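Here the structure is laid out as structure tokens; the discussion comes afterwards.
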Amino acid sequence: MARSVDRDQPESPGFELDELERSIRSSFRLRGSSSRGNSIIDDEYELQWAAIERLGTFERRVRKSVVDENGSSSEDQKVKKKKVVDVTKLGASERRLLIEKLIKHIQNDNLRLLQKQRERIDRVNVKLPTIEVRYKNLSVEAECKVVKGKALPTLWNAAKGIFQGLAKVPGLKAKEAKISILNDISGIIKPSRKVFRTIVLIVGSLFTQGLSGLQDDSLTRTSRVWKDYFIASTGRTVRQVTQEIMEEVSRREKQAGIIPESDIDTYMKAISVEGLERSLQTDYILKIMGLDICSDTMIGDVMRRGISGGQKKRLTTECGFKCPERKEEAEFLQEVLSRKDQEQYWSRTYEEYHYVSVGHLCKKFNAYDVGQRLEEELSKPYDKSQCHKNALSFNAYSLPKWELFKACMVRELLLMKRNSFVYIFKSTQLGITAIITMTIFLCTRLGVDVFHANSYLGALFYTLIIHMVNGFPELAMTITRLPVFYKQRDFYFYPAWAYAIPAFLLKIPISLIESLLWTSITYYGIGYSPEAVRFFRQFLLLLILHQVSLSLFRFLASYFQTPVASTVSGTLTFLVLLVFGGFILPYHSMPSWLKWGFWCSPLTYAEIGLAVNEFLAPRWEKITSANTTIGQQVLTSRGLNFNGYFYWISVGALVGYVLLLNVAFSLAITLRKQPGVSQAIISQEKLYQIKGEEDTKDERKLHDTSPSISPRTATEHKRTGRMVLPFIPLTVAFQDVKYYVDTPLEMREQGYTEKQLQLLHNITGTFRPGILTALMGVSGAGKTTLLDVLAGRKTGGTIEGDIRIGGYPKVQQTFARISGYCEQNDIHSPHITVEESVIYSAWLRLPSQVDPTTRSEFINEVLEIIELDGIKASLVGIPGVSGLSTEQRKRLTIAVELVANPSIIFMDEPTSGLDARAAAIVMRAVKNVVGTGQTVVCTIHQPSTDIFEAFDELILMKRGGELIYVGQLGQHSCEVIEYFEGITGIPRIKKNYNPATWMLDVTSTSVEAQLNVDFAQIYRQSPLYRNNQELVRQVSKPPPDSSDLHFPTRFPQNGWVQFKACLWKQYLSYWRSPSYNLTRMIFVIISSTVFAVLFWKHGKTLNNQQDLFNMLGLMYVVTNFFGINNASSVLTFVATERTVLYREKYAGMYSPWAYSLAQMVIEIPYVFIQVGLFIVITYPTIGYYWSAQKFLWFFFTMFCTLLTYVYLGMLIVSLTPNVQVASILQSPCYGILNLFSGFIIPGPQIPKWWIWLYYISPMSWTLNSLFTTQYGDIDKEIMVFGETKLISSFIKDYFGYHHDRLGVVAVVLIAYPLILGSLFAFCIEKLNFQRR
């Protein structure tokens, strides 16, 4: 017998289980074997349950349950032994078997499981926590900036906004207006009712944002939302509350003598207790959703039904509208509010139809009995006693602080493991760079004297740069993760500090490894002071400096939030820190009023620490002729003459910077809001229209219109005959199509032996002109795969089978000219308008024989038929951030394909993500296209009845890529219904039930397993299969007097037209990208101003070699950082457009060379402006020599250099799959360019085995040109390392710059952008990182 144990007595779960088993065996022996079969099992289960109830605490009872000992769930097993288990110790196989037993048929057993849980709770009268939300007079307004002309974020509008924001002068203040989004919304969201879904469908997501207070700054909320009854602070997690409910249920069941069903008891206990590494809830969701990977997602309360749909219809019936019998309510409610769709539901045949406005419907609702009851209920104060004490917890977070910190640490460590390639790649490139650096500054080549001290200083300076630049990828990686962080922060997953501290702590080992790697390779290889303590001091300083770099760029990313702004700010910050760091311009050469900047730069302390660590070593204590040590002389010349203890001051200062920057990072992610849509911009014309200045006239005109023609009828009348452009109707026939991919590594590790995995199995069918075909199936059936195979969009795998177009074998290049493909992802250029997107597609895809007038009319008709004419001036924008909504993007995707006038159109889920009305608009447009004789096929997922029955034919696939139905739908889907109802065991469809939903339900994998049938085999044995085979054979033969498709050119337009069209789009995109172009202009202005102030009139102040080094350092910093900023900024822009390029290249719109040339040409004017701004600010202030020749050389060199860097950034993007990899790859590239620039170590001092890198580095030619043209012909005598020498001679001897070779330099400077641009175009053409 199980003994009762005191709650406080510690006892292992294993001991409890042993005690339970002994008790059960003892009890069972007393009962003997008096019965067999199920009675034995029932008795055994009762005894086991009784043993569980004898446990001493509710907590232990909640952790114990009874499961099948063998885990089998087969129905034919007569006797299944039971065992007692600890639900917190369930293994993966036990969880899987339990879920499979609970849910065999997903459609039925899921609801049954929920109902059984509810019945168990209700049986013992336990009340579940519920919540009620009330809102009254909720209004949302958007604050818009009013502009003249088109309301687009151009460079001009953005620049004006900046100046107006800075000026704050009443006369210059921008005009603003408030636009109403939600107006006076009231209601109650009651427990166990699906109200939220309906409301969101009607008023949009801004409603929920208004309730939760998550609006953007440009939105203003005015409302009264009841919050007082929410105050029920329990300080417990949802899991803890669930566990308490489970304990109460168990206690009451024990009192009532109720024995629950074992599987339900195990499931409910497992999801309520802590201790499971992976929750049973996750396995449950994986089962019902058919997903392979799922996060810990909480399911909603769907145990109770909502109110009937009758009340939703009565209001519209009173207003004169009626929902058709086969029409779904959600679609009816949306379309009845539309001016274009309302008339079709007019039910008062005895009255003439008139448009019923939304305002009129609102008044009717307020007067309706439902509206009256709502107002009456809202007027009464809420009874707080009705709110369950455990309904809400007002603790901000669900876990204690320590648990939050541990969870974030584990998550951060997991992400670092998954990004291990990034860290390995960074460490590898750092090691390679260290080896190159060591072999350049080889210890055997350097002496301990004043001359070679410059090489040691150059090596130390380069070490600083490398460790700072090595942290730059942290910026891109942080930005990539910010959207997820903001979402989780705003949902109170964890506080910002719990995210910030692990991000800092777990990077320390990375810094440790990389700093140790660098120091180990370079310290003794270069030949620094050999004392071991100095080795470890340098290592410690580089370790902290690397942390400073990571912390700095992490903070900048969190503050500026967008890729371009963060990149520019990071480059500018690095530049300022470097200029004030004391190496480019020594401390004593800085203006006295700016010397505070020297002490504010962390690079100052790093340089002081490294310099005193090296040059105060014993080997540098040799006395020179100046009666000072060599080390002191070197430090003094560089303004670094500090005592040895300054090393530890430097260490302390850098540690302080690390802490300060990480605190700033934590504050930034705490206080900064998620970057969303910038302030809304509206044109004056649109504002007048919205404000209603013309509404009265429009309304009057509407009522004066003849009642016989509704708006929708008139629109459709206008659309008649829209496809006036000629095309060739074509049939697509495919037979025995198979598709294979390489077997994933995960499957091979699980024992799958085949080298290839087959995704499509003998797919046969046809797509014919004038017939709208639906391609359907459950998730994983291969719908999109088949569409990609037929359309030629696959980038990998093996395709077998016969595909014919018009009876002839398919040739992809020709096929791309006569087909269109509407992708599911809606990929478009974000910086052009809707109309411009369609114009661009028509310009490049329509035949050259179509004149501009016809093309323009055709474009307007397409915009009208897809109902985009009302938003044709809207910017496309970035998905989820700005621009068009999901359904608008979907319609634009269809429009850019329709405007090409293709014979065959493939559409991948054209209605996914759309509401009922938007989906109806799309399908109406598609039906119009089919009516002209074009061939259209759509993959579709869970369509409504109206959309499903708009199709003519259906191809239905099962999971695994096999066909189970190919044929006609029939009127009201009668053909499909008749076919599947003819299969034994398939239930008949209910009246007015959606046939698409019914079809997918009865052909699911679970039903197939339940009926023990193979739907694919049934189809292959049916007459329908034989008829389809015969049809395919017929259409696979070319019609008489026909010829195979042939076009004289590969593309519809010649190369010049392609270039003009691409350049036109790039011009618009660049002009409307202030985040890219305006930002880099501001960068030039700010940095040029800094240089002008720091190097004021230094250009002609030349007295010794240090003055020349200062000017060369200035040229080095300017060209290097201006170039890097341009190259880094262009990464995101080109990467975004490259995704669009892939789609347009597949469509055969243009040659990649036309795109690449346009991308290169559009950069020229912007680079020209950058160079102009820089020279206007710096040339006179720094005091360079004024002569036309020197000025033009300076301008020419800067222009070629910045253009080279821009094209280098484009090339890096074209070589990498994404921006993150590109940003990592660019770091070593810039490191090598810096090392071989001729500044850190002059060309003549570079070892001969590396001199070739010096000659191919564009930076070396840039410094050669700038320095030589300014000073290469100056015959002024200066002091150089203690002797007098001409400037021109010193430059020639020390740097290897020859004034008489400037012609060669000019040719090389011109060649670099040409070569890099050509490589960019070549890589764009040949490399494809899109995987399909």
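Here the structure is a predicted model, which is why all the values come from computation and not from measurement.
- Between F1133 and Y1070, the distance separating the two ring centers is shorter than 6.0 angstrom.
- Using cut-offs of 30° and 60° on the angle between ring planes, the pair Y1184 and Y1271 is tilted.
- Under the 4.5 Å side-chain criterion, counting only non-hydrogen atoms from C-beta, K426 is in contact with N470.
- The CG atom of N1234 sits 7.5 Å away from the CD1 atom of I466 when rounded to the nearest 0.5 Å.
- Between F1121 and F574, the ring-plane angle classifies as perpendicular under the 30° and 60° cut-offs.
- Formation of a donor-acceptor pair under 3.5 Å by the S569 side chain with backbone atoms of S566 is found in this model.
- Here the closest heavy-atom approach between residue S1265 and residue W1193 is recorded as OG-CE3, 3.6 Å.
- Nearest heavy-atom pair, S1223 versus A476, reported as atom, atom and distance to 0.1 Å: OG-CB, 3.6 Å.
- In summary, the aromatic rings of F580 and W599 are positioned with their centroids too far apart to meet the 6.0 Å limit.
- Aromatic rings from F1194 and F1199 are positioned such that their centres are separated by 6.0 Å or more.
- Atoms CG and OG1, from L1131 and T567 in turn, are 7.0 Å apart once rounded to the nearest 0.5 Å.
- Note: I465 CD1 to Y1230 OH = 14.5 Å, rounded to the nearest 0.5 Å.
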- Query: Run the side-chain contact (heavy atoms from CB on, under 4.5 Å) check on L1314 and Y1207 step by step: do they pass?
  - Reply: CA-CA 9 Å; L1314 295 178; Y1207 294 168; over 6 Å; no
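- The shortest side-chain heavy-atom distance between T1136 and V1140 does not fall under the 4.5 Å cut-off.
- The shortest heavy-atom contact between L1141 and I1324 is CD2-CG2, 3.3 Å.
- Ion pair E474/R481 not flagged as a salt bridge, since none of the NZ, NE, NH1 or NH2 atoms sits closer than 4.0 Å to an Asp/Glu carboxylate oxygen.
- Between Q1170 and N1126 the shortest side-chain heavy-atom distance falls below 4.5 Å.
- Annotation: side chain of P1258 is not in contact with side chain of T1201 (no heavy-atom distance under 4.5 Å).
- Counting heavy atoms from C-beta on, the side chains of L545 and L603 come closer than 4.5 Å.
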- Report the C-alpha distance between F1320 and L1208 in whole Å, list the side-chain angles of each, state the deciding distance to 0.1 Å, and finish with yes or no for side-chain contact (heavy atoms from CB on, under 4.5 Å). CA-CA 8 Å; F1320 164 68; L1208 175 62; over 6 Å; no
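- Counting only distance, with no hydrogens or angles, the side chain of S1128 and the backbone of N1125 share no donor-acceptor pair below 3.5 Å.
- The distance from the OG1 atom of T463 to the CD1 atom of I1240 is 9.0 Å, given to the nearest 0.5 Å.
- Among all heavy-atom pairs drawn from H467 and H546, the shortest one is O-CD2, 3.8 Å.
- In the displayed structure, W1186 atom CH2 is contacted under 6.0 Å by more than 12 heavy atoms of other residues, nucleotides or ligands.
- The distance between the ring centers of F1122 and F1083 falls below 6.0 angstrom.
- In this structure, D1107 does not pair ionically with K1100, as no charged nitrogen and carboxylate oxygen lie closer than 4.0 Å.
- Salt bridge present: E1137 and K1065 bring a charged side-chain N and a carboxylate O closer than 4.0 Å.
- Residues H1299 and L1302 come closest through the heavy atom pair O-CG, 3.3 Å.
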- Task: Go through T1268 and N1264 one step at a time and tell me if the side chain to side chain donor-acceptor pair (under 3.5 Å) criterion holds.
- Result: CA-CA 6 Å; T1268 305; N1264 189 339; 3.0 Å; yes
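- Panel note: side chain S601, backbone L577; a donor-acceptor pair is recorded below 3.5 Å.
- Of all heavy-atom pairs spanning G570 and L556, the tightest one is CA-CD1, 3.6 Å.
- Taking the six-membered ring for Trp and the full ring otherwise, F555 and F665 have centroids separated by 6.0 Å or more.
- S1260 places a side-chain N or O within 3.5 Å of a backbone atom of S1257 that can act as its donor or acceptor partner.
- Between F472 and F553, the gap from one ring centroid to the other is short of 6.0 Å.
- Note: F1191 and F1196 fail the aromatic proximity criterion, with ring centroids not under 6.0 Å apart.
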- Step-by-step side-chain contact (heavy atoms from CB on, under 4.5 Å) determination, Q561 to I479: CA-CA 6 Å; Q561 300 178 319; I479 289 176; over 6 Å; no
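- Note: L1309 CG to T1204 OG1 = 7.0 Å, rounded to the nearest 0.5 Å.
- In this structure, the side chains of T480 and M477 stay at 4.5 Å or more apart for every pair of heavy atoms.
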- Could you please spell out the steps behind the side-chain contact (heavy atoms from CB on, under 4.5 Å) verdict for I1182 and M1111? CA-CA 10 Å; I1182 293 175; M1111 296 312 300; 3.8 Å; yes
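- Contact check for L1202 versus T1119: no side-chain heavy atoms found under the 4.5 Å cut-off.
- Side-chain N or O atoms of K1190 include one that pairs as donor or acceptor with a backbone N or O of Q1270 at under 3.5 Å.
- No side-chain heavy atom of M1115 sits less than 4.5 Å from a side-chain heavy atom of F1239.
- F583 pairs with exactly one of Y1116, F461, F1109 by the ring-ring contact (aromatic ring centres under 6.0 Å, His included) rule, that one being F461.
- Using modelled atom types, no side-chain atom of W1096 and backbone atom of T1181 make a donor-acceptor pair closer than 3.5 Å.
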